[in-house]
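Along the sequence shown, the residues carry numbers beginning at 1.
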Amino acid sequence: MNHIPQPESFRPPEPDSMPAGSYGLHRPVAPTQPEAAPRALVRVTQPDLMRRAILERTRGRLVIAALGFSALFGAVALKLAFATVLNPADARRAAALSRPPAPPAEAPVARATITDRNGEIMAVSLPLTALYANPQQIENAAEAADRLRTVLPNLDRERLIQRMSGERQFAYIARALTPREMAQVNALGIPGLHFEEAERRYFPQGRTGAHIIGGVDVDGHGIAGVERHFDGRLRDDPSTPLRLSLDIRVQLALRDAVQRAITEYNGIGGAGVVMDANTAEVLSMVSLPDYDANDVGAATTDQRFNRVTVGVYEPGSTFKLLTASMALENGLQPWQGYDASRPIVVGRHAIHDYRGKGRWLALPEILAYSSNLGAAHMAAAVGVNRHREFLRSMGLTSRLRIEIPETALPLVPPQRSWRELNTMTIGFGHGISVTPLHVATAVTAIVNGGTLRQPTILAQPPGAQRDGTRVISERTSELMRRLMRLVVTDGSGRGADVPGYFVGGKTGTAQKTGPRGGYLENKRIAAFVGAFPIYAPRYVVYVMVDEPKPNARSHGFATAGWVAAPAAGMVISRIAPILGMLPEQATPEITRSTAMPMNGRGIPGYVPLQTTPAASQDRPAARPARPASTTTVPRPPQREARLETR
């Protein structure tokens, strides 16, 4: 069988064969036509098309956001590079950034602030806005007044029309506007109304210390009290506060105690003083009734009356402290005394004791029992001339030089008519009228060692030594402290005693005089003056009630022992802790320094003063001195010291 070779076109090429035509065969090879593959059809639904469109839009937004954030962070990076590398902050800018923020600037005022000794504000000027009018620029005053009263209804219409009329160019309408009132007035758009920056004086403490601070007029000028006395200082140095010696805490305690005594005994008024015994600084000064310093126009005459520095009263038995000091300075010894068994009759006048003992009394008994007869004998023994000179040296015949313009001149008998009877009555506090501040100031000299200093309302630096005048010896001052303690422990001043504070003092009850002279029936002054602690006095307290009335609690009495002494005790018990003083126990040293027997003998540690004949001239004859002893020595026969009229 013959093998028929397949055609060349159907024979597969050999793996190693050359492509066709490589051997010179140039036969054309016809291209093969592939078979047409069937086309696949994909069906896309409408939701798929929408999802694809949303994805395309989201992709574009992401691209834009990425570009935005890239630009932002690039700007921050560029700024940081500029601030830290290219242009770093200089030292002054860094220092300024490290400083704390400055306090807000205060509005300038034209008057300085007044404070108490602890910095509590008593008077301050605050900026405000005033409203004034130029009448020449106002066409219809009545219409302008009616419109203005819609904002300020308190303004009087007739007065307002009058001030907004006429030929003048300036008239105040309102001195103090609130910011809201200012905006409302400005919104009215009335031609001729203008605003002015001003200030107003405010007294944050109200009634507290009103008589001391005083006040200012509408133009800011001082018209009373400290405001008037220091008017130039407050204007010339408005940035420096004026610091007073007052203590607001003590002032409130004193006012409360005096007001309670007035209320309890139905008095018409009262007064109180607290002073530093060594510097004569006034820590508190109260006069009741008082008034609100912010509304002085509403105060009555009686409320504006300062009973402490202007009111002059007969001091009563509180003056016996001065008489005893004067007698001791002139040679009287504590164990000496006078006959108080019968009245003293001088012409038509007779001197009696109130509930007297009817016997001879030693000096301690004269003070403890408040004997008018004994005090009269003491004063007469010293003599008229020396008595008058002693009162003058104690500042009781002239005005006090305190930084308050409102002070009164004491009422004393003129020198040409000052006779022995005047000396006798003044010896127990009658026939002379002084202010309560006179009495308190004199007692500071009696208890502080014998140096009289003028009272001051200005705070003194700690440890400051103020100038003064020696008026009695230290020996006399030491004896008087013992006698004052005896009055409180065994005499009429028991109500003022406060355990732990060793109070010493003296009561005083005096009848009031009428406008035509003579004493008024059942109208009296009840007062107490004392110091504490009496062995080393730091503070002097004076309390007075004007015209107290007896009540059931006082068993029908209205004397100082029932009225003023308990009020003083209340004051001391309240202010002593405030002033940093704690109660003390009665140690042997304190007992020795305050002991005083009723007969004046046996004073522990007391050495009698030996006087020479020259020194004892014109002094009351004293009994021979006895050695000091810690035990009571029997008293010699009761005979009064020899009186020598001077």
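Applying the side chain to side chain contact (heavy atoms under 4.5 Å, CB included) criterion to R416, with sequence neighbours excluded, gives P414. F195 meets the ring-ring contact (aromatic ring centres under 6.0 Å, His included) test with no other residue; sequence neighbours excluded. The ring-ring contact (aromatic ring centres under 6.0 Å, His included) check on H438 picks up nothing, with sequence neighbours excluded. Shown here are the salt bridge (charged side-chain N to carboxylate O under 4.0 Å, His left out) partners of R307, two or more places apart in sequence or in another chain: D302, D546. A search for side chain to side chain contact (heavy atoms under 4.5 Å, CB included) contacts involving Q259 returns I262, T263, L288, not counting sequence neighbours. Residues passing the salt bridge (charged side-chain N to carboxylate O under 4.0 Å, His left out) test with R392, sequence neighbours excluded: E389. By the side chain to side chain contact (heavy atoms under 4.5 Å, CB included) test, S398 pairs with no residue at all, sequence neighbours left out. Residues passing the side chain to side chain contact (heavy atoms under 4.5 Å, CB included) test with A187, sequence neighbours excluded: none. With sequence neighbours left out, H194 forms a ring-ring contact (aromatic ring centres under 6.0 Å, His included) with Y132.
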Would you tabulate the side-chain donor-acceptor contacts of residues 523-541 under 3.5 Å, counting partners in other chains and residues two or more places apart, or write 'none'?
residue, atom, partner, partner atom, Å
K523, NZ, E547, OE1, 3.4
Y535, OH, E584, OE1, 3.1
Y535, OH, E584, OE2, 2.2

Counting only pairs under 3.5 Å, give me each side-chain donor-acceptor contact of residues 400-410, with atom names and distances, residues two or more places apart or in other chains.
residue, atom, partner, partner atom, Å
E403, OE1, T456, OG1, 3.4
E403, OE1, I457, N, 2.8
E403, OE2, T456, OG1, 2.9
E406, OE1, G225, N, 3.2
E406, OE2, G225, N, 3.2

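Note: H211 and Y291 meet the aromatic proximity criterion, with ring centroids under 6.0 Å apart.
P289 has its side chain out of reach of F305: every pair of non-hydrogen atoms, C-beta onward, lies at least 4.5 Å apart.
To the nearest 0.5 Å, the span separating CZ on R399 from OG1 on T309 amounts to 10.5 Å. Put simply, OG on S245 and CG on D276 are 9.0 Å apart, with the number rounded to the nearest 0.5 Å. Taking CG of L242 as the start and CG of L458 as the end, the distance is 6.0 Å to the nearest 0.5 Å. Distance CD1/I190 to CE/M164: 6.0 Å, rounded to 0.5 Å. Interatomic distance, CG of L396 versus OG of S433, reported as 12.0 Å (0.5 Å rounding).
With no hydrogens or angles considered, a side-chain donor-acceptor pair links T240 and D237 at under 3.5 Å.
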task: In sequence, state the C-alpha distance, the side-chain angles, and the governing distance for E120 and R249, and then conclude on salt bridge (charged side-chain N to carboxylate O under 4.0 Å, His left out).
output: CA-CA 10 Å; E120 293 292 332; R249 303 168 300 173; over 6 Å; no
Residues D290, R207; criterion salt bridge (charged side-chain N to carboxylate O under 4.0 Å, His left out); working and verdict: CA-CA 7 Å; D290 53 13; R207 295 177 177 271; 3.1 Å; yes
- request: Let me see the working for E227 and R111 under salt bridge (charged side-chain N to carboxylate O under 4.0 Å, His left out), right down to the final yes or no.
  value: CA-CA 10 Å; E227 293 278 16; R111 198 170 185 84; 2.9 Å; yes
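Annotation: salt bridge (charged side-chain N to carboxylate O under 4.0 Å, His left out) contacts involving residues 149-167, sequence neighbours excluded, comprise D146-R157.
Ring orientation note: the planes of Y172 and F170 are nearly perpendicular, at an angle over 60° on the 30°/60° scale.
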